[in-house]
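Everything quoted here is computed from the prediction, not taken from an experiment. Positions are given from 1 along the sequence.
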Amino acid sequence: MANVLWLQGGACSGNTISFLNAEEPTVVDLITDFGINVLWHPSLGLQLGDELQQLLYDCVNGKIPIDILVYEGSVVNAPNGTGEWNRFAGRPMKDWLTDLSKVAAFVVAVGDCATYGGIPAMEPNPSESLGVQFLKRDKGGFLGADYVSQAGLPVINIPGCPSHPDWISQILVAVATGRVGDLTLDEFHRPQTFFRSFTQTGCTRNMHFSYKATTQDFGQRTGCLFYDMGCRGPMTHSSCNRILWNRVSSKTRAGMPCLGCTEPEFPFHDLKPGTVFKTQTVMGVPRELPSGINKKDYALMTVVSKDTSPSWANEDFFTV
């Protein structure tokens, strides 16, 4: 039996909603088949008021062991480092995180706000938000760069806005069943099993990407979204097109550009008008190119690709 305690800081509950829709395994599977005991969760927990406070203090004092501490949302430090803007169970939430992280066997940060600070940490960051162990690309965050849990691991980050539900449930299974040693974390503490490949891997528009066939409208089933609409699929580490959402689709399959939400810089360009769904270019060449491609080679490749593009590259292959 693995005890899981789930807390929310500066959050919109998007990752909770995502998690509750997990399919492989489902939340019910976690409890019935994988021995996970949910001590408390904001949407599932039964304890309120004094009962909840007692539960949390029992965890802090070691009376109830915490095998996995899941944290969703940014760590709010405002105003002036007190954390009073985000109070929970009689104290600033950041104080609970400080105490509980000291006794947890593993700490898992779920969603961009918890992993990198996310949207709450955008400039000018009035909430003084941090990620649990990162602020954007800078390691440290709230718990500090040297933090390790009781099991000797740093915070395990599962980014996304929101995170894919099965990323969350499968990592919880790996930890709960003693297979956490099989996980390899990258430089941002993301499990490589989900975040080593790029979002472009498995994208149904890869043919259009190769022939530089573009689209300029949302929802279209032909054309690549990278060249005009700001899609970050070629530069974003995620498995969104390998492990489909609801086992059906993904942003790019639905005709929506990838926003790069699993990367530390999200939201890119601080959501300035004209930057989100528009590819930023210099003399027709995108400012940001896929990993391993330089601008000179890209320009040459563009000319060759467009000249050799077959007519069927722009056909709607979904037509029945």
Side-chain angles (χ1 to χ4, degrees), residues 12 14 18 111-113 115-123 136-137 159-164 188 190 194-245 249-303 305-306 309 313-314 316-318:
C12 67
S18 180
D112 271 357
C113 298
T115 54
Y116 313 125
I119 290 177
M122 290 171 57
E123 291 295 337
K136 305 303 181 183
R137 285 185 173 265
C161 193
S163 298
H164 192 295
F188 300 114
R190 301 174 296 194
F194 299 127
F195 299 102
R196 185 173 184 177
S197 63
F198 292 95
T199 308
Q200 186 179 19
T201 305
C203 179
T204 54
R205 298 171 188 267
N206 280 338
M207 173 185 68
H208 303 111
F209 175 81
S210 298
Y211 287 117
K212 305 298 181 289
T214 186
T215 186
Q216 297 178 335
D217 295 303
F218 295 107
Q220 299 299 307
R221 295 186 291 189
T222 62
C224 183
L225 298 153
F226 170 71
Y227 302 106
D228 288 302
M229 298 194 68
C231 180
R232 304 194 63 85
M235 297 89 76
T236 299
H237 294 85
S238 87
S239 50
C240 288
N241 278 304
R242 291 191 292 113
I243 303 174
L244 299 179
W245 291 73
S249 193
S250 68
K251 277 189 173 68
T252 58
R253 294 187 183 211
M256 165 71 181
C258 167
L259 296 177
C261 74
T262 57
E263 296 297 330
E265 293 80 9
F266 176 81
F268 292 85
H269 311 297
D270 287 339
L271 301 178
K272 294 176 182 176
T275 66
V276 180
F277 299 119
K278 182 176 178 58
T279 301
Q280 307 302 300
T281 62
V282 177
M283 298 181 66
V285 177
R287 288 180 180 272
E288 298 176 76
L289 294 174
S291 178
I293 298 179
N294 62 55
K295 293 184 178 181
K296 181 179 179 181
D297 290 342
Y298 175 87
L300 177 61
M301 183 175 62
T302 297
V303 174
S305 297
K306 287 186 174 180
S309 177
N314 288 311
D316 186 350
F317 56 87
F318 286 99

Does any non-hydrogen side-chain atom of [Y] lie less than 4.5 Å from one of [X]?
{"X": "Asp112", "Y": "Ile119", "result": "no"}
{"X": "Arg205", "Y": "Phe226", "result": "no"}
{"X": "Arg253", "Y": "Arg221", "result": "no"}
{"X": "Phe198", "Y": "Cys203", "result": "no"}
{"X": "Phe188", "Y": "Thr115", "result": "no"}
{"X": "Glu263", "Y": "Arg137", "result": "yes"}
{"X": "Ile243", "Y": "Phe194", "result": "yes"}
{"X": "Leu259", "Y": "Pro267", "result": "no"}

| request: Apply side chain to side chain contact (heavy atoms under 4.5 Å, CB included) to the pair His269 and Gln280, showing each step before the final yes or no. | output: CA-CA 10 Å; His269 311 297; Gln280 307 302 300; 4.1 Å; yes
Would you give the length of the straight line joining atom [atom1] of [X] to atom [atom2] of [Y], rounded to the nearest 0.5 angstrom?
{"X": "Ser250", "Y": "Met256", "atom1": "OG", "atom2": "CE", "value": "11.0 Å"}
{"X": "Cys231", "Y": "Gln200", "atom1": "SG", "atom2": "CD", "value": "8.0 Å"}
{"X": "Thr252", "Y": "Asn241", "atom1": "OG1", "atom2": "CG", "value": "3.5 Å"}
{"X": "His208", "Y": "Gln220", "atom1": "NE2", "atom2": "CD", "value": "11.0 Å"}
{"X": "Glu288", "Y": "Met235", "atom1": "CD", "atom2": "CE", "value": "5.0 Å"}
{"X": "Glu123", "Y": "Asp270", "atom1": "CD", "atom2": "CG", "value": "7.0 Å"}

Distance-minimising heavy-atom pair for [X] and [Y]:
{"X": "Pro162", "Y": "Gly14", "answer": "CB-O, 3.6 Å"}
{"X": "Trp245", "Y": "Cys240", "answer": "NE1-SG, 3.5 Å"}
{"X": "Pro120", "Y": "Cys113", "answer": "CD-SG, 3.3 Å"}
{"X": "Gly230", "Y": "Pro257", "answer": "C-CB, 4.4 Å"}
{"X": "Thr262", "Y": "Pro159", "answer": "O-CG, 3.6 Å"}

[Y] backbone acceptor or donor facing [X] side chain under 3.5 Å:
{"X": "Gln216", "Y": "Thr214", "value": "no"}
{"X": "Ser210", "Y": "Asn206", "value": "yes"}
{"X": "Lys136", "Y": "Phe266", "value": "yes"}
{"X": "Tyr227", "Y": "Thr279", "value": "no"}

| message | Assess, by modelled atom type and distance only, whether the side chains of Ser238 and Thr199 contain a donor and an acceptor separated by less than 3.5 Å. | response |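 The answer is yes; a qualifying pair exists.
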| Does a donor on one side chain sit under 3.5 Å from an acceptor on the other, for Ser197 and Arg242? |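 On atom types as modelled, these side chains qualify, holding a pair under 3.5 Å.
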| request: Could you walk me through whether Arg190 and His237 pass side chain to side chain contact (heavy atoms under 4.5 Å, CB included), step by step? | output: CA-CA 10 Å; Arg190 301 174 296 194; His237 294 85; 3.9 Å; yes
| message | Could you check whether Arg232 makes a cation-pi contact with Phe268, meaning its NZ or CZ is under 6.0 Å from the centre of the six-membered ring and within 45° of the ring axis? | response |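 Verdict for Phe268: a cation-pi partner in Arg232.
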| said: Between Thr215 and Leu225, does the side chain to side chain contact (heavy atoms under 4.5 Å, CB included) criterion hold? Intermediate values first, please. | reply: CA-CA 6 Å; Thr215 186; Leu225 298 153; 3.5 Å; yes
| request: Show your reasoning for whether ring pair (Phe, Tyr, Trp, His ring centres under 6.0 Å) applies to Phe218 and Phe277. | output: CA-CA 10 Å; Phe218 295 107; Phe277 299 119; 5.2 Å; yes
